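Quantities reported herein were computed from a predicted structural model and do not represent experimental measurements. Just so it is clear: chains get the letters A, B, ... in the order the sequence lines come, proteins before strands, and each one is counted from 1.
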Amino acid sequence: MNAILTMIAQRLALGLLTLFVVSLIIFFSVSLMPGDYAEAILGQAALPDTVKAFREQLGLDQPAYVRYFQWLGGVLTGDLGTSFSSERAVTELIGARFGNTMFLAAYAAVIAMPLALVLGVLAALYRNSFYDRTVNVVTLTTISSPEFFLAYVLIMFLSVGLWNGSEMIMGGLFPPIANVSNDVGFWERVYRTTLPAITMTLVIVAHMMRMTRASVIDLLASPYIEMANLKGLSKSRIVFKHALPNALAPIINVIAVNMAYLIVGVVLIEVVFVYPGLGGLLVDSVSKRDMPVVQGSCLVFAAVYIMLNLTADVLSIVSNPRLLHPR
Amino acid sequence: MTRFLKFMQSAPWSARFGMFVIAVYVFVAFFVPVLAPFGETELVGRSYQGWDSTYWLGTDSLGRDMFTRILYGARNTIGIAFITTCLAFLFGGLLGFMSATLGGWVDQLLGRFVDVIMAIPSLIFALLLLTIFGTSVPVLIIIIAVLDSTRVYRLARAVGMNITVMEYVEAAKLRGEGLWWIIRREILPNAMPPMVAEFGLRFCFVFLFISGLSFLGLGIKPPIADWGSMVKENAALISYGDITPLLPAGAIALLTVAVNFVVDWFLHKTSGLRDEH
């Protein structure tokens with residue numbers, strides 16, 4: 001038991017260290033910006049005095065490491081600075097949208113997880129059957145399609161419909177734009193975000209299902225399953241009693257890794273559906289070159305991503321004693 | 001030649017389909033100026049005209065011919081993704097093999113560096129870097145190549161590690177051959193099959209990545225015809241039930257599927273290395 005705790009503590013420490021290094025990268029990459037930052041924001045025509053005042057306002061006249069610690073201190077106390085374009089606090093901008101992004105990700109996860117597990121386990125059990133091949137081709141196609149393609153195809157068939165020359169056919173099931181504000185009730189919110197959630201599901205199920213299939217196949221090839229087969233146990237008993245408990249570790253890992261992927265994949269889909277999430281905010285700020293907001297949202301995304309990967313790591317250690325004794 | 005034909009005949013239908021599609025795309029990419037009815041950025045009519053005999057797929061928001069731009073998109077989008085993937089393999093492959101051959105602190109340093117880069121989701125990192133350096137095609141190519149080379153590095157190092165322990169590499173080292181010679185003459189030929197398969201997969205990834213960025217308006221920018229940004233520019237048509245804006249997106253999906261089919265078969269052929277994903 002102690003070995004597990006040490007290992008988890010090690011992973012946590014490593015995760016914190018990674019976060020720290022990532023914060024360094026996010027902060028200092030800004031100083032790589034060609035030319036003077038203040039001039040870049042204010043434009044070539046700005047008066048020298050204005051530039052100077054702006055630099056002082058941003059604290060750019062201080063050395064970089066001082067600014068870093070000020071920024072880090074701010075991050076830890078929940079102050080990410082002020083947006084250049086809207087003059088609002090970055091924390092406020094991000095906070096409002098972070099919840100929306102998490103809601104969408106959770107919604108997609110709730111549909112995707114059971115679906116992927118069932119499809120994956122079935123594909124592994126009936127390997128090389130017609131079902132397996134069909135699922136393989138379909139998932140390969142959804143993985144290969146750009147997210148915005150899947151999104152627009154769904155919008156077309158389930159929302160606006162197709163123009164066949166004289167009238168619209170199909171469509172009308174869901175709104176094409178995921179317009180949610182704070183006063184929208186829970187079920188209404190679920191209804192309005194169905195299309196983005198389905199799009200995410202399509203992408204993520206493919207990955208999850210293929211990984212689940214691979215790990216179950218891997219497991220079914222192990223000697224003790226062969227032994228169970230030779231003993232003449234029934235197939236259902238082998239699957240449920242012998243295989244599944246051991247398959248849990250890799251499957252948990254698959255889920256956590258894909259959740260990390262989901263959080264990032266949400267960026268493109270939020271833009272397609274004009275969903276007020278963190279991804280949309282990030283993309284907007286990149287095109288406006290609104291540095292504080294970009295830094296803040298990148299940090300939040302990176303932190304969530306690192307934490308989910310860390311969770312995957314820890315869970316796979318906890319659920320697999322063999323990992324505790326690496327050679 | 002007969003051996004090659006036999007090899008082709010052994011391919012399943014999915015791989016043949018994939019090869020056919022890739023061949024068509026490459027053909028179009030090379031012969032666009034001859035094939036396209038109009039110029040890449042030529043304004044030929046009113047905006048958003050429907051499909052007819054002159055403008056096969058109608059016109060876009062500025063009145064440029066859609067069909068022409070889709071053809072040109074093959075050259076621009078695939079070309080840029082291809083260059084990016086090549087660069088990523090050049091950086092990542094070289095450093096990976098170097099790590100494997102030299103070992104020691106070089107390996108440690110590069111390994112930790114790659115770990116940190118990979119800890120940040122690549123889309124987020126790319127967006128951060130694009131904010132800093134601005135969005136132009138050369139910058140885009142370099143940023144994505146560098147970010148993607150981390151994945152190539154990992155594979156190249158892993159494959160290289162298995163080769164550097166072989167006696168013939170040992171022998172070459174004792175003969176006093178240089179690092180470059182060992183990488184080029186001993187490691188590279190033996191690492192070819194997994195690296196080629198990885199090239200296909202990385203190309204798909206880069207291709208989708210660049211299309212995604214272009215779709216967000218942060219990648220390849222108009223007036224250059226590019227499939228991602230074409231979807232963005234003409235997305236308004238979708239609300240009228242017109243499928244034209246989906247065609248460039250479909251073109252992206254079709255090529256990626258095709259490459260995946262071929263890679264799947266290739267992996268199956270050359271030992272079952274990395275059977276999944």
Can you list, pair by pair, the side-chain donor-acceptor contacts under 3.5 Å of residues 10-20 of chain A, counting residues two or more places apart and other chains?
unit_1: A:Arg11; atom_1: NH1; unit_2: A:Asp313; atom_2: OD2; d: 2.7
unit_1: A:Thr18; atom_1: OG1; unit_2: A:Leu14; atom_2: O; d: 2.6

If you tally heavy-atom pairs under 4.5 Å against chain A, which of [options] wins?
options	result
B:Cys204, B:Gly250, B:Ala258	B:Gly250
B:Leu123, B:Leu130, B:Val116, B:Ile238	B:Ile238
B:Ser122, B:Pro248, B:Ser211	B:Ser211
B:Phe205, B:Phe125, B:Phe209, B:Phe215	B:Phe215

Say whether, by atom type as modelled, one donor and one acceptor occur between the side chain of A:Arg213 and the main chain of A:Gly120 under 3.5 angstrom.
no
Is the backbone N or O of A:Asn128 less than 3.5 Å from a side-chain atom of A:Asp132, with the two atoms forming a donor-acceptor pair by type?
yes
Just by distance, with hydrogens left out, do A:Tyr68 and A:Ser23 show a side-chain donor and acceptor under 3.5 Å apart?
yes
Check each atom of B:Leu127 against the heavy atoms of chain A and say whether the ones under 4.5 Å are side chain, backbone, both or neither.
both
Need one label for B:Leu208: side chain, backbone, both or neither, based on atoms under 4.5 Å from any heavy atom in chain A.
side chain
Contacting region of [X] [heavy-atom separation from chain B under 4.5 Å]:
X	result
A:Val271	side chain
A:Tyr152	both
A:Ile143	backbone

For B:Asp226, is there an ion pair with B:Arg69 - N to carboxylate O distance below 4.0 angstrom?
no
Test: B:Arg112 and B:Asp115 ion pair at under 4.0 Å
yes
Just distance, no hydrogens or angles: give the donor-acceptor pairs under 3.5 Å from side chains in residues 12-25 of chain B, sequence neighbours left out.
unit_1: B:Arg16; atom_1: NE; unit_2: B:Ala11; atom_2: O; d: 3.2
unit_1: B:Arg16; atom_1: NH2; unit_2: B:Gln9; atom_2: O; d: 2.9
unit_1: B:Tyr25; atom_1: OH; unit_2: B:Ala251; atom_2: O; d: 2.7

